[in-house]
Every structure is written in structure tokens, then in C-alpha cells.
There are 2 protein chains.
Amino acid sequence: MIKVSKQVDYAVQLLRALSKLKEGEFLSLRKFSKESTISFLFLQRIARSLKAAKIIDASRGIHGGYYFVLDPKKINMKQIVDAVDGNFGITACLRGQPCEREKTCTNKDIFHKMNIQVEQMFLETSII
Amino acid sequence: MIKVSKQVDYAVQLLRALSKLKEGEFLSLRKFSKESTISFLFLQRIARSLKAAKIIDASRGIHGGYYFVLDPKKINMKQIVDAVDGNFGITACLRGQPCEREKTCTNKDIFHKMNIQVEQMFLETSII
DNA sequence: GTATATCATACTTAGCAAGTATGTTATTCC
DNA sequence: GGAATAACATACTTGCTAAGTATGATATAC
């Protein structure tokens, strides 16, 4: 199984909604949660990760919400994975996690090569 | 998080060990389990999946074991994922699983395109 | 000052990949 | 024939962690 997390999925949906805003407009998570049916609290965590990565920014208060900082077209999928999941890698080993079978493993080379290719593809994929 | 399952990881390790056998030789899972430190029972399930996919075959009895049917060089990563995980897709939706947010989802196109690229790369990656 | 937005941290749940248990059937060798 | 050891088959349990929840603080607009 090779798969993308729901956090990344939801992050992209949110960013695509934000990319449709006009200059000076905000989108609140409460509103987006209703439109998308994605859990409001789960969206909060994702949005803050994206803000920490300086992809979006927020305005507080009654008419506040999130908005894009940079040009949405220049944001790629690798940036989203980095921001939301904190790391990138198709195996635990490539994500820097300890591996109990490190000594006997014969797959380091093949997964390393594949990881480079997946990473490159993510880099080249604009979220818009 | 984009990742490959341990089943696929272990399947590739097993296949690489089998690819080193000479004509007419077998490798038992008991032996490979000791070498690799991978659970014997878990390996059994994986090996039977690979056999069902006609990638390897088995000989029973006291000196039996598994062996490659085809040329190991012609086996690619997509075949392994199909054999071991039963399907291929970077999202639940692309794996044919029902999605509760199908109607509001705005990511079908982007993940579909990415899936094609990942799939292509897996097809082009030989396990050797 | 009230309403509503984000900010921050901690906790719970649930799905399923990963691993385990147990018994059956086939083949080799003595 | 029978012991040993291989794969075959199915069902069950565990444990990780992604996913979702709870609660309260802080900021801004009107």
C-alpha cells in the first residue's frame, strides 16, 4: 500500500479554496468546515501547520480567517507534505525513524531511489 | 505521509534473496526468516500472495522452499504491490474504496494525475 | 462587552497494518 | 510406514498512529 495521508488531502482542499479568494478576503475554518464536511477541529491543526510553514497566514476576529501569503500556483505538493506531516519519505527509514532491521535490510538502495523519484514528482506538482 | 507498506518491503527482501538462488535451488521461509529476522508467519502470508500472483512457486517437503518462476529482472514494483496489497492507489478513493466526502472533494483530479505518475514509476522499477 | 475568529495543548478513538496461533497437507529420507 | 520438515489455510490478536475530539486562552471587529 502506498498512500497519501488525509491531512495532506484536507490541506490541499483547504488551499484550493483559499486560492479562489480575492485580494483582502479571508475564509474562516468554520465556514470551510461546513462546505467541505471536514471536521472543524482537525482543520484547525492542519491550518496552523500551513501557517507555521508560512504558506498561509491568518487574521483573527469576527471577520477573520485564513488567506494565501504567496502565489498559490507556486506551491507544490512536497511543501504541503513537509508542512503537514513534518517529513517526507516512503519508508520509516527514509523518514529518519529508527529501524530494528537496519543491519539485514537489503532494500535501502531501491527505496532510496524510488523516494527521490516520488519526491521529485511531488516537487513538480502544483496544488492548482 | 506517503508510504510503502511493510508487506511490500518484506516481499522485495524475500524476492531478492530468491533471485540469488541457482537453477533448481529452493529457499525455505524458516531459513530466510532467521537470516532476515522477519516474522516467519508473516512471511508465509506474503509468500503465498506472491505465489498466487505466479511470481514465485513452491516445493513442499523436507528440502522444499520457494523459487522464482520467471526472470527476476522482469519483475517490477507495481506487480509486488498488486500481489501483496491487492490494489494500487495513493488514496482510498483510487483504491476503489467508498468515500464519504466524494461529493465535495476537490482533489480527485490532482490525486488521479499523481497516481498515474507513481504507478508508472513503480512499473519502471525492477526489484533487482 | 459580546461575538467570533485563530491559537495552543492535551486527550481519545478507531481502523487496519502487522504480527500470532493452530491445525492440515505434501514430500523426502531412513 | 513413520518421523521430520516444508508449504498450505484460516482465523484471531495486538499495537501503532492517523484521525478525530475536548477545552480553554487570546485577539479583533462592531
Side-chain angles (χ1 to χ4, degrees), chain A residues 1-11 13-14 18 24-34 36-53 56-67 69 81 84-87 89-92 95 97-101, chain B residues 1-11 13-14 18 24-34 36-52 56-67 69 81 84-87 90-92 95 97-101:
Chain A
M1 204 75 73
I2 172 142
K3 63 177 169 188
V4 164
S5 72
K6 288 202 178 183
Q7 289 206 85
V8 170
D9 182 0
Y10 298 163
Q13 293 199 42
L14 172 61
L18 293 181
E25 284 182 338
F26 307 131
L27 174 60
S28 81
L29 293 188
R30 199 73 72 174
K31 186 169 177 232
F32 179 69
S33 169
K34 286 200 184 103
S36 64
T37 77
I38 300 167
S39 154
F40 167 71
L41 290 160
F42 197 27
L43 279 171
Q44 276 205 325
R45 253 214 323 242
I46 294 167
R48 267 184 298 114
S49 296
L50 293 169
K51 188 191 164 189
I56 60 177
D57 206 346
S59 166
R60 291 188 178 189
I62 197 163
H63 290 127
Y66 287 92
Y67 58 96
V69 175
V81 175
V84 162
D85 291 333
N87 49 23
I90 61 173
T91 63
R95 268 176 261 122
Q97 292 167 14
C99 174
E100 68 274 26
R101 263 181 281 277
Chain B
M1 205 74 71
I2 171 142
K3 63 176 168 189
V4 164
S5 71
K6 289 201 176 183
Q7 289 207 85
V8 170
D9 182 0
Y10 298 164
Q13 294 200 43
L14 173 61
L18 293 181
E25 284 183 339
F26 307 132
L27 174 60
S28 82
L29 293 188
R30 198 73 72 173
K31 186 167 178 234
F32 179 69
S33 170
K34 286 200 184 103
S36 64
T37 77
I38 300 168
S39 153
F40 167 69
L41 290 160
F42 197 27
L43 279 172
Q44 276 206 325
R45 253 213 322 244
I46 294 168
R48 269 185 293 113
S49 298
L50 293 170
K51 189 192 162 189
I56 59 178
D57 206 346
S59 165
R60 291 189 179 190
I62 198 165
H63 291 129
Y66 286 93
Y67 59 95
V69 175
V81 174
V84 162
D85 290 333
N87 49 23
I90 61 172
T91 63
R95 269 175 259 122
Q97 292 167 16
C99 175
E100 67 274 27
R101 264 181 282 275

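Here is how names work: the chains are called A, B, and so on, in the same order as the sequence lines, proteins then strands, and each is numbered from 1.
Considering every non-hydrogen atom in both B:S28 and B:G64, the closest pair reads CB-O, 3.9 Å. Across every non-hydrogen atom of B:L18 and B:Y66, the tightest pair is CD2-O, 3.4 Å. The minimum heavy-atom distance linking B:S49 with B:V84 is given by the pair CB-CA, 4.3 Å. Closest heavy-atom contact between A:L29 and A:Q44: CD1-CA, 3.5 Å.
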Check your understanding: Can you check side chain to side chain contact (heavy atoms under 4.5 Å, CB included) on B:Y67 and B:D57, steps first, answer last?
Key -> CA-CA 6 Å; B:Y67 59 95; B:D57 206 346; 3.5 Å; yes
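A close approach under 4.0 Å does occur between a side-chain nitrogen or oxygen of B:Y66 and OP1 or OP2 of D:dC8. At the phosphate of C:dT4, neither OP1 nor OP2 sits under 4.0 Å from any side-chain N or O atom of A:H63. Between B:K51 and D:dC8 there is a side-chain N or O to OP1 or OP2 distance below 4.0 Å. In terms of phosphate contacts, A:S59 brings no side-chain nitrogen or oxygen within less than 4.0 Å of OP1 or OP2 of C:dT6.
Using a distance-only test at 3.5 Å, with no hydrogens or angles considered, a donor-acceptor pair links the side chain of A:S33 to the main chain of A:I38.
At a cut-off of 3.5 angstrom, counting only N and O atoms as typed in the model, there is no donor on one side facing an acceptor on the other between the side-chain of B:R30 and the base of D:dT5. On a pure distance criterion of 3.5 Å, a polar donor-acceptor pair joins the side chain of B:R48 and the base of D:dA9.
With rounding to whole Å, B:I38 atom CD1 is found 15 Å from C:dA17 atom C1'. Put simply, CG on A:L18 is 10 Å from P on C:dT6, counting in whole angstrom units. Rounding to whole angstrom units, CG of residue B:D9 and P of C:dA18 are separated by 9 Å. As a whole-Å value, the separation of A:Q13 CD from D:dA19 P is 13 Å. Between B:L43 atom CG and D:dA9 atom C1' the separation is 17 Å, expressed in whole Å. Following rounding to the nearest Å, A:Q97 (CD) and C:dA18 (P) show an atom-to-atom distance of 13 Å. Spacing between atom CZ of B:R101 and atom P of D:dA19 amounts to 11 Å, rounded to whole angstrom units. Across the protein-nucleic acid pair, B:I90 atom CD1 and D:dA18 atom P stand 17 Å apart, rounded to whole Å.
For B:R45, counting side-chain heavy atoms from C-beta on, the closest listed nucleotide (C:dT20, D:dA22, D:dC8) is C:dT20. For A:S28, the side-chain atoms get nearest to C:dA5 when compared with the rest of C:dA8, D:dC8, C:dA5. Which of D:dT23, C:dA18, D:dA4 sits closest to the side chain of A:L41 comes down to D:dT23. Residue B:R60 has its side chain nearest to D:dC8 when only D:dC8, C:dT6, C:dA21 are considered. With D:dG20, C:dT28, D:dA9 as the candidates, the nucleotide lying closest to the side chain of A:K6 is D:dG20. Of all nucleotides listed (C:dT4, C:dT6, C:dA18), C:dA18 comes nearest to the side chain of B:S5. Closest contact between the side chain of A:Y10 and the listed nucleotides D:dT5, D:dG20, D:dC8 involves D:dG20.
Counting any heavy atom pair closer than 4.0 Å across all strands shown, B:Q44 reaches a base atom.
When each of A:F40 and A:I62 is assigned the nucleotide of DNA chain D bearing its nearest heavy atom, the one mapping closer to the 5' terminus is A:F40. Toward the 5′ end of DNA chain D lies the nearest nucleotide of A:F42, the other residue of the pair A:G61 and A:F42 mapping further downstream.
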